[in-house]
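Working notes, beginning with the structure itself.
Computed over heavy atoms, backbone and side chain alike; hydrogens, waters and symmetry mates excluded.
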Amino acid sequence: GVSLEGADADRFDAVLNEDGTVSLKLVSGEKYSVKQTYKVQFSFTICGREVLSSVVSFKVTQSALKFTVSPANCCLYQSQTMPLTVRLNLTGPEGARLENITLGDKSSQAFLDAMAGGDMDVTVSEDGRSAIITFDVRNAASLAFGKRYVLYLDVTAEGSAADAKTNQVKLTVQVEK
């Protein structure tokens, strides 16, 4: 068996794999930093005796999320009264799950003004790998015909480090008559 000792032992779980290697897993609900160095010691039970490793220092890293958006070309009609809906699919890394999706600061102000108090609604699937995002654009007629407006979605995965770089998805909305 294996367990953890040391300063950060309660922040991680140790799992002994079938091939004899040990994996460290993040503890659910714990906040991590990509800038902090964590320290643990492995306590192995071998033939009924405990053997303590030297202190192991490591940093938590975070892979960038990868996405697809459908429809790939978003179209909003000036006369449209139905919300604009897109589907965001998380394609990588394996095991990641969506946690939070918000409008980014760099989103087109004109588009945000056309929402006129309308909401952005996000529904994440049960498996956490996709989300339906609905934009309630209450004043689509105020947007210029033929113009493209850019929206940025800030996306966070479950268990993301508190100080990790935000994942952004760029959506371009074409306005038609």
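- Inter-residue side-chain proximity for Val40 and Arg11 is flagged as unmet; no heavy-atom pair is nearer than 4.5 Å.
- Crowding of Arg97 atom CZ: a count of heavy atoms from other residues, nucleotides or ligands under 6.0 Å exceeding 12.
- More than 12 heavy atoms of other shown residues, nucleotides or ligands fall within 6.0 angstrom of atom CG in Asn89.
- Counting heavy atoms from C-beta on, the side chains of Leu171 and Val86 come closer than 4.5 Å.
- Remark: Ser107 OG to Met115 CE distance equals 9.5 Å, nearest 0.5 Å.
- By the 4.5 Å heavy-atom criterion applied to side chains, Leu151 and Phe111 are counted as neighbours.
- Taking Glu99 as the reference, nothing meets the side chain to side chain donor-acceptor pair (under 3.5 Å) condition, with sequence neighbours excluded.
- When the side chain to side chain donor-acceptor pair (under 3.5 Å) test is applied to Ser125, the partners found at least two apart in sequence or on another chain are Asp127, Ser130.
- Atom OG1 of Thr81 and atom CZ of Arg138 lie 12.5 Å apart (nearest 0.5 Å).
- Atoms NZ and NZ, from Lys59 and Lys35 in turn, are 10.0 Å apart once rounded to the nearest 0.5 Å.
- For Thr21, the side chain to side chain donor-acceptor pair (under 3.5 Å) partners at least two apart in sequence or on another chain are Asn17, Asp19.
- Remark: Ile46 CD1 to Ser43 OG distance equals 9.5 Å, nearest 0.5 Å.
- Tyr152 pairs by the ring-ring contact (aromatic ring centres under 6.0 Å, His included) definition with nothing, not counting sequence neighbours.
- Distance check, rounded to the nearest 0.5 Å: OG1 of Thr134 to CG of Leu84 gives 8.5 Å.
- Partner of Thr166 under the side-chain contact (heavy atoms from CB on, under 4.5 Å) criterion, chosen from Asp154, Leu153, Leu65: Asp154.
- Taking the side chain to side chain donor-acceptor pair (under 3.5 Å) definition, one finds that Glu5 meets it with nothing, sequence neighbours left out.
- Under the ring-ring contact (aromatic ring centres under 6.0 Å, His included) criterion, the residue pairs touching residues 52-104 are Phe12-Phe58, with sequence neighbours excluded.
- Using a 4.5 Å heavy-atom threshold, the side chains of Asp121 and Phe135 count as separate.
- At a threshold of 4.5 Å between non-hydrogen side-chain atoms, the residues Leu24 and Leu4 count as touching.
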